[in-house]
*Asks:* 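Right, I'll just put the structure down here and ask away after.
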Amino acid sequence: MSAYRAKSAGRGGDEYRLWGSDADFLPGDGQYQHEPKYCARFGSASAFHQLWRQRPHSPDAWHRVGRKCRHAAQTAGILRIRLPDNQTSLNDREISFLDIRPARTRLAPSPTGRFHLANARNALYSYLVARQTGGQFILRVEDTDQRRFVPGAEEVIVLSLEWLGLTPNESPFHGGQHGPYRQTERREIYQHYAKILIEKDSAYPCFCTPERLDQMRKEQEARKVDRVRYDGLCRRLDPENAARRVASGEKYVIRFKMPYEGTTTAHDHIRGNIVTENRYLDDYILMRSDGLPTYHLSAMVDDHEMKITHVLRSAEWLPTFPLHVQIIRAFGWDEPIWIHPSILLKPSGKGKMSKRDTAAAMKDGHSIFVDDLDGLGYTPEGVLNWIALMGWGVAEDDVMTLDEMIERFSIDNLTPSPAAINFQKLDHFNGTHIRLLTTEELARRVKPFLTNAGFDVDDDTLLKVTPLIRERLVTLDDSIPFAGFFFKGTVEPNPEDLIAKGLDARQSAEIARKAYDILASLPDMSHQTAEPPMREFVETSGLSANQVFGILRVAVTGQKVSPPLFESMEVIGKENVLERLQKARTLLESL
RNA sequence: GCCCCCAUCGUCUAGUGGACUAGGACGCAGCCCUUUCAAGGCUACGACCGGGGUUCGAAUCCCCGUGGGGGCACCA
C-alpha cells in the first residue's frame with residue numbers, strides 16, 4: 001500500500017511537498033514541488049494515483065484540472081484548494097486534508113446492549129478512513145463495567161460488522177499485534193498508566209466513600225452551585241500519607257487532577273476548536289475501587305497503545321472531550337485526530353431514539369438494530385448507503401457501494417448537526433441496491449426468505465423468477481408475496497377476484513374458457529408465443545386488456561398483484577397454467 | 001439549574017463573501033410508459049430561525065436572541 005504525505009514547509013512557507021513510500025510514480029527523488037498557490041487534496045491514495053498518472057506535472061495542467069473539477073471534485077475524490085492571495089500557508093485543517101498516511105481507526109463499543117445504527121455508522125466511517133489510506137480498522141471491546149455486561153453482546157457486534165462487510169483487521173476474534181482487545185484483559189496496563197499519572201502529579205488517590213460523595217453532592221445542590229463537582233478533600237492530602245493509606249489496603253479510587261483555573265482547548269475535526277473553562281470540569285474518576293479503569297482512562301490508554309490515528313466517536317463524548325485531551329497531554333502523548341459525528345435523532349427529529357420509538361419502528365418493518373435489519377430483508381448494501389448519508393454530506397450521486405464510499409469518503413464532509421433517522425430513505429436505498437444485484441446474487445439472497453416462508457424452492461425456477469421480481473422488491477422478504485406462487489402446486493384464488501371489472505361471473509367464466517382454448521392450442525407457453533394471440537383476443541372481443549389479463553392473472557397466480565403475466569406463465573409452464581385456468585373457470589361457473 | 005454542541009425545503013444534505021433565480025436525494029402531487037404492482041422518464045410543490053452588525057456585496061463572517069440536541073455517575 002502506498003503512503004503519501006504532504007505538508008506545508010512551515011508557517012508562512014510557500015512550498016508544498018508530497019512524498020510517499022511508493023516512489024515509482026513520484027518523479028525524481030520522490031518529491032514534487034508544487035506551484036505555491038495550489039495544493040491537492042486526495043480523498044484516497046488511488047484517486048491521487050489516478051490523477052497523477054493522467055496529468056503531466058506542469059503547474060498549468062494542475063491549474064486546469066483544479067478549475068474544471070471544482071464541482072466534480074467531490075465525486076472524483078480529488079479537490080484542488082486555491083489559497084487566497086493573502087494566504088501563504090495552510091492551516092491545520094487543510095494540512096490534515098493532505099495527510100493520508102495509513103490510518104488506524106477503531107470501533108470501541110461496550111458489550112452492554114445491541115448493535116445499533118450509531119455504532120454501525122461509526123464503524124463505517126472508521127472503516128472507510130482506514131481502507132482509503134491503507135490502514136487498519138480495529139474492534140476493541142470496552143467491557144470494564146462488568147455490572148452492565150450482557151452475555152452474547154460481543155458476538156452480535158462482530159456478526160453485525162461481518163454482515164455489513166466491515167470486517168476489522170484486529171479484534172478479540174481476529175487477533176492482532178496490539179492486543180488484547182478486551183479491556184478487562186488489560187487491567188495491568190491501566191494500573192501502570194494510572195501510576196504514571198500519579199507520579200506526574202496529574203492524578204491522586206481518593207478515599208472518599210460513596211456516602212460522603214452523596215452527601216457532598218446534596219449539599220452543593222442545596223447551595224445551588226453552578227457545577228456540582230468533587231470538593232477536593234483527598235486532592236489536598238499529603239502524597240506520602242496517601243501512599244501509606246493505599247499500601248495499608250484502604251479502598252480508594254484514582255482521580256484526575258483537573259486544573260481549577262484556565263481553559264482547555266480541544267480540537268474536533270468537524271467543529272474546530274472547542275474551548276471549555278476548567279472550572280466547569282471535574283476531578284473525574286480514572287480508576288474505580290475495583291481496580292478497573294473508567295472509560296476516560298482506558299480509552300485514552302488504549303488509543304495510544306494501539307496507535308490509533310483517528311478517533312471517531314459519538315458526539316455524546318463532547319462534554320468530556322476536554323478531559324480526554326487533558327489526560328493525553330498529561331501523559332505527553334500525541335493527540336489523534338478527533339472526529340465526533342453528530343448524534344442520530346428519532347424520525348420525528350425530537351430527541352434520541354428511545355425504546356418506544358424502536359418498538360414503533362419494528363411494527364413498521366424497520367429497526368435501528370443491525371441484526372434485526374438482516375431478518376427484515378434489508379441488504380448490507382442498502383443499510384450501509386443509508387447510514388453513510390446521515391451526517392456525511394454528498395452533493396450528488398448518492399447511491400454508492402462500499403468500494404465507492406472508500407473512494408469518495410472524507411472526514412472533511414462530515415456534518416456537525418444532529419440527523420433524524422428516515423426509514424423511507426432506507427427503503428429507497430435497499431430497493432435501489434437490490435436492483436443493482438446480479439440475478440444469481442439476488443436469487444441467493446432471496447432464497448432463505450422463501451424457504452423460511454415454507455416454500456419448496458428449486459434453484460432453476462428461482463433463477464427464472466428473480467428477474468421478474470427484481471424491480472418490485474423493497475426488501476428481500478417482499479419476494480414472498482411476489483414469488484411464492486411460483487413454488488406452489490396449486491393456487492386458491494379468491495372467487496371475487498376472478499370476476500373482471502364491469503363483468504359478472506358468467507362472462508368472466510366465458511373469458512377463462514376462451515383463454516384456455518387459445519393457450520391450449522399453443523405449442524408452448526413462452527411469453528413470445530402466448531402474448532400475441534391473447535392480445536388479438538382482447539382486440540377482437542371488445543374487452544379491455546385489463547379485464548382479460550386480470551382474470552388470467554388471478555387464475556394463474558392466485559393474486560391480483562403479480563409480476564408480469566406472460567413471463568410468469570412461462571415460468572409456471574403450460575400444463576400448470578391450463579390446470580389453474582380450468583380450475584378458475586369451474587370456480588366461476590359455480591358462483 | 002449549569003456546561004457543551006447545533007441551526008438551509010417535511011427529512012438527509014450541497015453551499016467556505018459576488019457564478020444563488022439557493023443545487024441534489026428521499027417523501028409528497030401530477031403526467032408519460034403500462035395487463036396488475038413496481039421500476040423508469042418528465043414536471044410541480046418546497047428552505048437560508050429572528051434581530052443587529054461587518055462589507056460595495058452575507059445562506060456564507062461577528063454579536064445577541066430564539067429553537068433543537070447532548071452532557072452533568074466508582075456507565076460507556
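The structure displayed is predicted, hence computed values, not measured ones. Quick note on labels: first sequence line is chain A, next is B, and so on, each numbered from 1.
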*Asks:* Look through every strand shown and name the nucleotide pairing with G57(B) as Watson-Crick or G-U wobble, where both distances are under 3.5 Å.
*Replies:* none
*Asks:* Could you tell me how far C26(B) sits from C5(B) if I compare only their C1' atoms? Round to whole Å.
*Replies:*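 One C1' to the other, the span is 27 Å.
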*Asks:* Is the charged tip of Arg245(A) near the ring of Tyr252(A): under 6.0 Å from the six-membered ring centre and within 45° of its axis?
*Replies:*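 No, Arg245(A) and Tyr252(A) do not form such a contact.
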*Asks:* Report yes or no: is the cationic atom of Arg235(A) (NZ for Lys, CZ for Arg) closer than 6.0 Å to the six-membered ring centre of Tyr260(A), at no more than 45° off its axis?
*Replies:* yes
*Asks:* Mind checking who A44(B) pairs with, Watson-Crick or G-U wobble, both distances under 3.5 Å?
*Replies:* none
*Asks:* Mind checking if Gly431(A) touches a base, just sugar-phosphate, or nothing, with heavy atoms under 4.0 Å?
*Replies:*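 Nothing: the residue Gly431(A), judged by heavy atoms under 4.0 Å, touches no strand.
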*Asks:* When rounded to the nearest Å, what value does the distance between C1' atoms of A25(B) and C4(B) take?
*Replies:* 32 Å
*Asks:* Taking the ring centre of each residue, are Phe321(A) and His340(A) less than 6.0 Å apart?
*Replies:* yes
*Asks:* Base, sugar-phosphate alone, or nothing: which one does Trp317(A) contact when heavy atoms must sit under 4.0 Å apart?
*Replies:*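 Here Trp317(A) touches the bases of the nucleic acid.
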*Asks:* Which one, U36(B), C6(B), U11(B), comes nearest to the side chain of Arg271(A)?
*Replies:*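 Taking heavy atoms from C-beta onward, the closest nucleotide is C6(B).
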*Asks:* If I take atom CE in residue Met287(A) and atom P in nucleotide C75(B), what distance separates them, rounded to the nearest angstrom?
*Replies:* 13 Å
*Asks:* Look at the side chain of Val253(A) and decide which nucleotide, out of C74(B), U11(B), G40(B), has an atom nearest to it.
*Replies:* C74(B)
*Asks:* Categorize Pro322(A) for me: base, sugar-phosphate, or nothing, with a 4.0 angstrom heavy-atom threshold over every strand shown.
*Replies:*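 Here Pro322(A) touches no strand at all.
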*Asks:* It should be established whether Arg148(A) places a side-chain nitrogen or oxygen under 4.0 Å from OP1 or OP2 of nucleotide C74(B).
*Replies:* no
*Asks:* Please state how far atom CD in Glu471(A) lies from atom C1' in U36(B), giving the value in whole angstrom units.
*Replies:* 14 Å
*Asks:* Does Arg227(A) reach a base, just sugar-phosphate, or nothing at all? Heavy atoms under 4.0 Å.
*Replies:*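 Sugar-phosphate only.
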*Asks:* Is it true that Arg535(A) and Glu531(A) have a side-chain N and a carboxylate O under 4.0 angstrom from each other?
*Replies:*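 Judged by the 4.0 Å cut-off on N to carboxylate O distance, Arg535(A) and Glu531(A) do form a salt bridge.
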*Asks:* Please tell me if Arg229(A) has a side-chain N or O lying less than 4.0 Å from either OP1 or OP2 of C72(B).
*Replies:*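 No.
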*Asks:* Rounded to whole angstrom, note down the P distance from G24(B) over to C9(B).
*Replies:*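 One P to the other, the span is 16 Å.
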*Asks:* Touch check for Arg255(A), heavy atoms < 4.0 angstrom, all strands: base, sugar-phosphate only, or nothing?
*Replies:* nothing
*Asks:* May I ask you to say what Lys425(A) touches in the nucleic acid, namely base, sugar-phosphate or nothing, with a heavy-atom cut-off under 4.0 Å?
*Replies:*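 Result for Lys425(A) = base.
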*Asks:* Starting at atom CD1 of Ile387(A), determine the distance to atom P of A25(B), rounded to an integer number of angstrom.
*Replies:*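 From Ile387(A) CD1 to A25(B) P: 22 Å.
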*Asks:* Under a 3.5 Å limit for both distances, which nucleotide forms a Watson-Crick or G-U wobble pair with U66(B), could you say?
*Replies:* A7(B)
*Asks:* To the nearest Å, give me how far apart CZ (Arg212(A)) and P (C74(B)) are.
*Replies:*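 Going from CZ in Arg212(A) over to P in C74(B) covers 13 Å.
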*Asks:* Is the Trp317(A) to Tyr295(A) ring centre distance short of 6.0 Å?
*Replies:* yes
*Asks:* Before accepting this row, confirm whether a basic side-chain N of the pair Lys350(A)/Asp357(A) lies closer than 4.0 Å to the acidic partner's carboxylate O.
*Replies:*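 No, this pair does not count.
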*Asks:* Counting any heavy atom closer than 4.0 Å, what does Ser289(A) reach on the DNA or RNA strands: base, sugar-phosphate only, or nothing?
*Replies:* base
*Asks:* Is there a donor and acceptor pair closer than 3.5 Å between the side chain of Thr276(A) and the base of C4(B)?
*Replies:*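 There is none.
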*Asks:* Tell me which nucleotide among A25(B), C74(B), G70(B) gets nearest to the side chain of His428(A).
*Replies:* A25(B)
*Asks:* Inspect the surroundings of CD in Gln528(A) and state if more than 12 heavy atoms from other residues, nucleotides or ligands are less than 6.0 Å away.
*Replies:*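 More than 12 within 6.0 Å, yes.
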*Asks:* Using a strict threshold of under 4.0 Å (side-chain N to carboxylate O), is an ion pair present between Arg106(A) and Asp303(A)?
*Replies:*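 Salt bridge flag = yes for Arg106(A) with Asp303(A).
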*Asks:* Expressed in angstrom and rounded to an integer, what is the separation of Ile343(A) atom CD1 from G69(B) atom P?
*Replies:* 9 Å
*Asks:* Return the nearest nucleotide to the side chain of Thr294(A); candidates are U35(B), C75(B), C12(B).
*Replies:* C75(B)
*Asks:* Using a 4.0 Å heavy-atom cut-off, does Tyr295(A) contact any base of the nucleic acid, only the sugar-phosphate backbone, or nothing at all?
*Replies:* base
*Asks:* On a whole-Å scale, what distance lies between the C1' atoms belonging to A39(B) and U34(B)?
*Replies:* 11 Å
*Asks:* Distance check: side-chain N/O of Thr144(A) vs OP1/OP2 of C75(B), anything under 4.0 Å?
*Replies:* no
*Asks:* Using a cut-off of 4.0 Å on non-hydrogen atoms, how would the nucleic acid contact of Cys206(A) be classed: base, sugar-phosphate, or nothing?
*Replies:*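 No contact.
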*Asks:* Please give, in whole Å, the distance from G27(B) P to Trp386(A) CH2?
*Replies:*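 Checked: the CH2 to P distance equals 14 Å.
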*Asks:* How is Pro347(A) classified with respect to the nucleic acid when contacts are heavy atoms under 4.0 Å: base, sugar-phosphate, or nothing?
*Replies:* nothing
*Asks:* Can you tell me the Watson-Crick or wobble partner of G1(B), both distances under 3.5 angstrom?
*Replies:*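 Its partner is C72(B).
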*Asks:* May I have the distance from Leu292(A) (atom CG) to C75(B) (atom P), rounded to whole angstrom?
*Replies:*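 Leu292(A) atom CG is separated from C75(B) atom P by 10 Å.
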*Asks:* Using both distances under 3.5 Å as the test, list the Watson-Crick or G-U wobble partner of A38(B), or none.
*Replies:*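 Answer to the pairing question: none, since A38(B) forms no Watson-Crick or G-U pair.
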*Asks:* If the C1' atom of G15(B) is compared with that of A7(B), how far apart are they to the nearest Å?
*Replies:*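 Approximately 15 Å lies between the C1' atom of G15(B) and that of A7(B).
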*Asks:* Using atom P in both nucleotides, what's the gap between C12(B) and G68(B) to the nearest angstrom?
*Replies:*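 To the nearest whole Å, 16 Å.
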*Asks:* Say we look at C33(B) and G69(B): how far apart would their C1' atoms be, to the nearest angstrom?
*Replies:* 46 Å
*Asks:* Nearest to the side chain of Pro564(A) - U35(B), G69(B), C3(B)?
*Replies:*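 Nearest to the side chain of Pro564(A) among the choices is U35(B).
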*Asks:* Please work out if Thr112(A) contacts a base, only the sugar-phosphate, or nothing of the nucleic acid, heavy-atom cut-off 4.0 Å.
*Replies:* nothing
*Asks:* Atom CD of residue position Glu536(A) - does it have more than 12 heavy atoms of other residues, nucleotides or ligands inside 6.0 Å?
*Replies:*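 Atom CD in Glu536(A) is not packed in, count stays at 12 or less.
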*Asks:* Should Ser562(A) be listed as having a side-chain N or O under 4.0 Å from OP1 or OP2 of U36(B)?
*Replies:*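 No, Ser562(A) has no side-chain N/O under 4.0 Å of OP1/OP2 on U36(B).
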*Asks:* Scan every strand shown for a Watson-Crick or G-U wobble partner of U21(B), both distances under 3.5 Å, and answer none if you come up empty.
*Replies:*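 None - no nucleotide pairs with U21(B), as no candidate has both distances under 3.5 Å.
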*Asks:* Distance check needed: U36(B) C1' versus Leu498(A) CG, whole Å only.
*Replies:* 14 Å
*Asks:* Of the listed nucleotides (C5(B), G40(B), G71(B)), which one gets closest to any side-chain atom of Pro319(A)?
*Replies:* G71(B)
*Asks:* Categorize Pro563(A) for me: base, sugar-phosphate, or nothing, with a 4.0 angstrom heavy-atom threshold over every strand shown.
*Replies:*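 The residue Pro563(A) makes base contact.
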*Asks:* Are Glu277(A) and Arg227(A) ion-paired here, with the side-chain N under 4.0 Å from a carboxylate O?
*Replies:*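 No, this pair does not count.
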*Asks:* Can you check whether Arg288(A) has a side-chain N or O nearer than 4.0 Å to OP1 or OP2 of C75(B)?
*Replies:* yes
*Asks:* Taking for each residue the nucleotide of RNA chain B bearing the nearest heavy atom, is the 5' side occupied by Asp145(A) or by Ile421(A)?
*Replies:* Ile421(A)
*Asks:* Out of C6(B), G69(B), U35(B), which nucleotide sits closest to the side chain of Pro416(A)?
*Replies:*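 That would be C6(B).
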*Asks:* Tell me whether the side-chain N/O atoms of Arg470(A) come closer than 4.0 Å to OP1 or OP2 in A39(B).
*Replies:*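 No, because none of the side-chain N or O atoms of Arg470(A) sits under 4.0 Å from OP1 or OP2 of A39(B).
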*Asks:* Toward the 5' end of RNA chain B, which comes first, Arg535(A) or Gln424(A), by nearest nucleotide?
*Replies:* Gln424(A)
*Asks:* Could one point to a donor on the side chain of Arg472(A) or the base of C37(B) with an acceptor on the other under 3.5 Å away?
*Replies:*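 It does, because a donor-acceptor pair links the side chain of Arg472(A) to the base of C37(B) below 3.5 Å.
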*Asks:* Could you measure between the two C1' atoms, the one in U60(B) and the one in G53(B), and give it in whole Å?
*Replies:* 15 Å
*Asks:* Could you check whether Ile274(A) gets within reach of a base, just the sugar-phosphate, or nothing at all, counting any heavy atom under 4.0 Å?
*Replies:* sugar-phosphate
*Asks:* Tell me what Thr415(A) touches on the nucleic acid: a base, only sugar-phosphate, or nothing, going by heavy atoms under 4.0 Å.
*Replies:* sugar-phosphate
